[in-house]
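Numbering of residues begins at 1 and proceeds along the displayed sequence.
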Amino acid sequence: QARVTESGGGLVQEGGSLRLSCTASEMGNDDIGMGWFRQAPGRGREGVACVPWIGSKSYVANSVKDRFTISRGKAKNTLYLQMNDLKPEDTAMYYCAARGSCREDGDGALAFVGYWGQGTQVTVDS
């Protein structure tokens, strides 16, 4: 059964760093563009960054592109989000998503997501 699992969240001081990890399992050989979203309390879910299945490009939301980096592992079904210089406004539940469309004009948001992870909490303390 296809599933998405993420990890790596936690509590960090302002200015600190965290690295989130994600694995998409049992996806077969279909296009599995992957990405990260986040949702802060009282706010909607927003795209953070994504990578297409084919090629080496990645797209990060303008709001975080100077601080966040997305990358794939050696296995294409693994995904990472390196977050540096974290701010209290980065506090949110972070979700990994798979089997979607990652486009240059999407501002880092994976479209038509097929599978979601359960989320990992990131809390930045000022």
Which atom pair, heavy atoms only, marks the closest approach of [X] to [Y]?
{"X": "Ala2", "Y": "Glu26", "answer": "CB-O, 3.4 Å"}
{"X": "Cys22", "Y": "Val4", "answer": "SG-CG1, 3.5 Å"}
{"X": "Val60", "Y": "Asp107", "answer": "O-OD1, 4.1 Å"}

Would you give the length of the straight line joining atom [atom1] of [X] to atom [atom2] of [Y], rounded to the nearest 0.5 angstrom?
{"X": "Leu86", "Y": "Asp125", "atom1": "CG", "atom2": "CG", "answer": "12.0 Å"}
{"X": "Cys102", "Y": "Ile54", "atom1": "SG", "atom2": "CD1", "answer": "12.5 Å"}
{"X": "Arg3", "Y": "Gln118", "atom1": "CZ", "atom2": "CD", "answer": "11.0 Å"}

Test item: [X] and [Y] side chains (from C-beta on) under 4.5 Å apart, heavy atoms:
{"X": "Glu104", "Y": "Tyr59", "result": "yes"}
{"X": "Cys96", "Y": "Leu79", "result": "yes"}
{"X": "Phe68", "Y": "Asn84", "result": "no"}
{"X": "Lys76", "Y": "Met34", "result": "no"}
{"X": "Val122", "Y": "Leu20", "result": "yes"}
{"X": "Trp36", "Y": "Glu6", "result": "yes"}
{"X": "Thr69", "Y": "Leu81", "result": "no"}
{"X": "Ser71", "Y": "Gln82", "result": "no"}

Is it the case that Arg19 places NZ or CZ above or below the six-membered ring of Tyr80, under 6.0 angstrom from the centre and within 45 degrees of the axis?
-> yes

Expected list for residues 39-51: side-chain donor-acceptor pairs under 3.5 angstrom, two or more places apart:
from: Gln39; atom 1: NE2; to: Arg43; atom 2: O; distance (Å): 3.0
from: Glu46; atom 1: OE2; to: Arg38; atom 2: NE; distance (Å): 2.7
from: Glu46; atom 1: OE2; to: Arg38; atom 2: NH2; distance (Å): 3.3

Does any N or O in the side chain of Thr91 come within less than 3.5 Å of the main-chain N or O of Thr123, such that one atom is a donor and the other an acceptor?
->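 No; zero donor-acceptor contacts below 3.5 Å.
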
Any chance you could pull the hydrophobic cluster mates of Val113, using side-chain heavy atoms under 4.5 angstrom and chaining through other members?
->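 Grouped by the 4.5 Å side-chain rule, Phe37, Met93, Tyr95, Leu110, Trp116 form the rest of the cluster around Val113.
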
Under the side chain to side chain contact (heavy atoms under 4.5 Å, CB included) rule, collect the residues that match up with Lys87, sequence neighbours excluded.
-> Arg67, Asp85, Glu89, Asp90

Crowding at CZ, Arg72 (>12 non-hydrogen neighbours, <6.0 Å) =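 Above 12, so yes.
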
Hydrophobic cluster identity match, Ile32 and Phe112, side-chain contacts under 4.5 Å |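 Result: no, two separate clusters.
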
